[in-house]
K.L.:
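First, the structure itself, so that you have it in front of you.
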Amino acid sequence: MAQLILLGTGAALSDATREHTYLVVKGEREAILIDCAGSPVQRLLKAGVALDQIDHIILTHHHPDHIYGLSVLLLGMWLAGRKKPLSIYGLADTLRATRALMRAFEWERFKNFFPIEFHRVPQRYHNAHLVTAEFSVSSAPTRHIIPTIAVRIEARASRRAITYSSDTEVLDDVVNLARGSYILVHEATTLDTDSNGHTSARQAGEQATRADVKKLVLVHLPPECDVRAWRTAAQSTFTGTVIVGKDLMRLRF
Ligand SMILES: [Zn+2]
């Protein structure tokens with residue numbers, strides 16, 4: 001059975017209990033990382049994911065809290081002796097920032113650095129742009145401060161899917177991407193107030209209802225988030241299961 005593990009659950013300004021929001025989907029043999037923040041090597045190992053299980057990384061946008069962990073993850077993979085290629089997926093802007101991040105650390109000086117393959121994702125709904133032995137990945141644009149994608153990952157064996165909104169305001173495209181997913185991981189940066197480029201817990205519940213998902217998991221949570229208040233706000237608009245995300249939380253799908 002596939003697992004979703006929340007490696008971090010904090011908003012751009014986080015607190016002592018949460019790393020920035022990033023997650024991993026783990027199958028029998030492979031794992032796909034979505035965004036890369038915090039201390040990824042330590043978090044992946046704690047989550048029971050070996051570094052060489054990861055051949056694909058999807059970056060949703062290039063705000064620092066979503067990609068800054070990539071450099072140290074690549075360093076860890078190289079030190080662990082990785083030889084096989086790693087694929088990185090993202091919008092053109094995201095890949096440009098990722099390459100600049102790698103240039104800043106002068107990767108060309110790292111002896112026998114493993115190959116990195118960049119795959120540009122178009123800024124429109126894109127069905128199954130990555131299909132592996134165990135998973136199928138689709139994406140759709142969100143409405144955020146910079147170009148951003150939401151991601152849907154379906155386990156090919158069970159046909160169950162998780163969708164991750166990434167950072168976004170309330171948007172039909174995210175609902176359409178998430179439709180019928182078993183789990184919707186949605187950002188909830190505020191409790192119930194509108195904010196530029198983000199969603200509230202109450203609105204995340206509305207999105208979950210519209211997308212007809214079974215479980216809603218709230219992430220991208222602000223410092224000292226009042227877990228009970230966030231859960232209650234989402235439950236006021238969604239009758240399915242509401243879970244307020246916690247770092248290293250594991251969900252099966
Ligand atoms: Zn952002």
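All ligand and atom numbering here is 1-based and tracks the order in the structure. Along the sequence shown, residues carry numbers from 1.
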K.L.:
Do Tyr89 and His56 make the cut of ring centroids closer than 6.0 angstrom?
P.N.:
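Centroid separation for Tyr89 and His56: below 6.0 Å.
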K.L.:
Which atom, among the N/O/S set of His63, is closest to the Zn ion (ligand 1)?
P.N.:
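Sorting the N, O and S atoms of His63 by distance to the Zn ion (ligand 1) puts ND1 first.
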K.L.:
With a 3.5 Å cut-off and no angle check, do the side chains of His220 and His186 form a donor-acceptor pair?
P.N.:
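No, because no side-chain N or O of His220 sits under 3.5 Å from a partner of the opposite role on His186.
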K.L.:
Does Arg152 reach the side chain of Ser139, with side-chain heavy atoms less than 4.5 Å apart?
P.N.:
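No, their side chains stay 4.5 Å or more apart.
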K.L.:
Would you indicate whether the side-chain heavy atoms of Thr98 and Phe118 approach each other to under 4.5 Å?
P.N.:
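Of all side-chain heavy-atom pairs linking Thr98 with Phe118, at least one is under 4.5 Å.
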K.L.:
What N/O/S atom of Asp167 gets nearest to the Zn ion (ligand 1)?
P.N.:
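Going by distance to the Zn ion (ligand 1), the closest N, O or S atom in Asp167 is OD2.
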K.L.:
Short check: any N/O/S atom of His66 below 2.8 Å from the Zn ion (ligand 1)?
P.N.:
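So His66 does not bind the Zn ion (ligand 1) by this criterion.
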